[in-house]
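All of these numbers come straight from a predicted model, not from anything done at the bench. Each ligand, and each atom within it, is numbered from 1 in the order the structure gives.
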Amino acid sequence: MPTITENIQNLVISIPQIVKLVVVSKTRSIKEIIEAYNTNQIIFGENRALELADKHSKINLPIEWHMIGHLQTNKIKYIASFVSLIHSVDSFNLLKEINKEAKKNNRIIPCLLQVFIAKEETKFGFSEKELFDMLSSIEFINLKNISVHGLMGMATFTDNIEQTRREFKSLKNTFNKVKSDFFQNNTDFCEISMGMSGDYKIAIEEGSTMVRIGSLIFGERNYTNK
Ligand SMILES: *Cc1c(COP(=O)(O)O)cnc(C)c1O
């Protein structure tokens, strides 16, 4: 069995330097996280707010902690003081609540808007229409404690690579439209978070700027904790 260090070394060779690697550490131990950190990785992603808060409190390293999973409004308070980026903003209501918690903490929280691109009802995210409606509203413009840094999407879990590619292309397309209509002169709006262990190469070909990778680094997770 290759070690975490070897897995990361092999992985980073296949990722262009401008694409950021989010090491997905959900379900992994502090010891495993520290091993990954020691290979020069600084961005770690978790999909549960309480697990994220717990690991942040126990690991005293300059890690950029990202929230990548569906976030319930009543859990924002556990991560609002330190989270570096929330990838999974999937409703206007959630964005407003993040803004409130950010304000309480006297900070601006960077966020990505999650777009629904898959053919699976279990996945979350905005439709393109919902995105445009929100971004055009006065209420959105008045949110001063969040900053939108781009979009995130998850492709359908499938072996059909043409379908995966189509879904990533559609996210890139939506990104381009949103950028030109709402963020033309905003250099912060620059990230497309797409690609996981099974599909990150296709995602990079289709314009990903951030890949979120867990099992290729740490091995298969023992229990499903999507
Ligand atoms: C678990 C997870 C990943 C990483 O999945 P792997 O297949 O283990 O690389 C990426 N993004 C999100 C939102 C996840 O929940």
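Within a 6.0 Å radius of CD1 in I141, other residues, nucleotides and ligands contribute more than 12 heavy atoms. Within 6.0 Å of CZ in F157 there are 12 or fewer heavy atoms belonging to other residues, nucleotides or ligands.
At least one N or O atom of G214, backbone or side chain, sits closer than 3.5 Å to an N or O atom of ligand 1.
Distances from atom 2 (C) of ligand 1 to the heavy atoms of K26, R212, M196 show the closest one on K26.
Using modelled atom types, no side-chain atom of N173 and backbone atom of K169 make a donor-acceptor pair closer than 3.5 Å. A donor-acceptor distance shorter than 3.5 angstrom exists from the side chain of K55 to the backbone of R28, with no hydrogens or angles considered.
In this structure, F126 has its ring center at least 6.0 angstrom away from the ring center of F92.
Each of the following atoms of ligand 1 lies closer than 4.0 Å to a heavy atom of I68: 11 (N), 12 (C), 13 (C), 14 (C). Each of the following atoms of ligand 1 lies closer than 4.0 Å to a heavy atom of I213: 9 (O). Atoms of ligand 1 lying under 4.0 Å from at least one heavy atom of S215, given by number and element, are 6 (P), 7 (O), 8 (O), 9 (O).
Note on ligand 1: L216 sits outside its first shell, no heavy atom being nearer than 4.0 Å.
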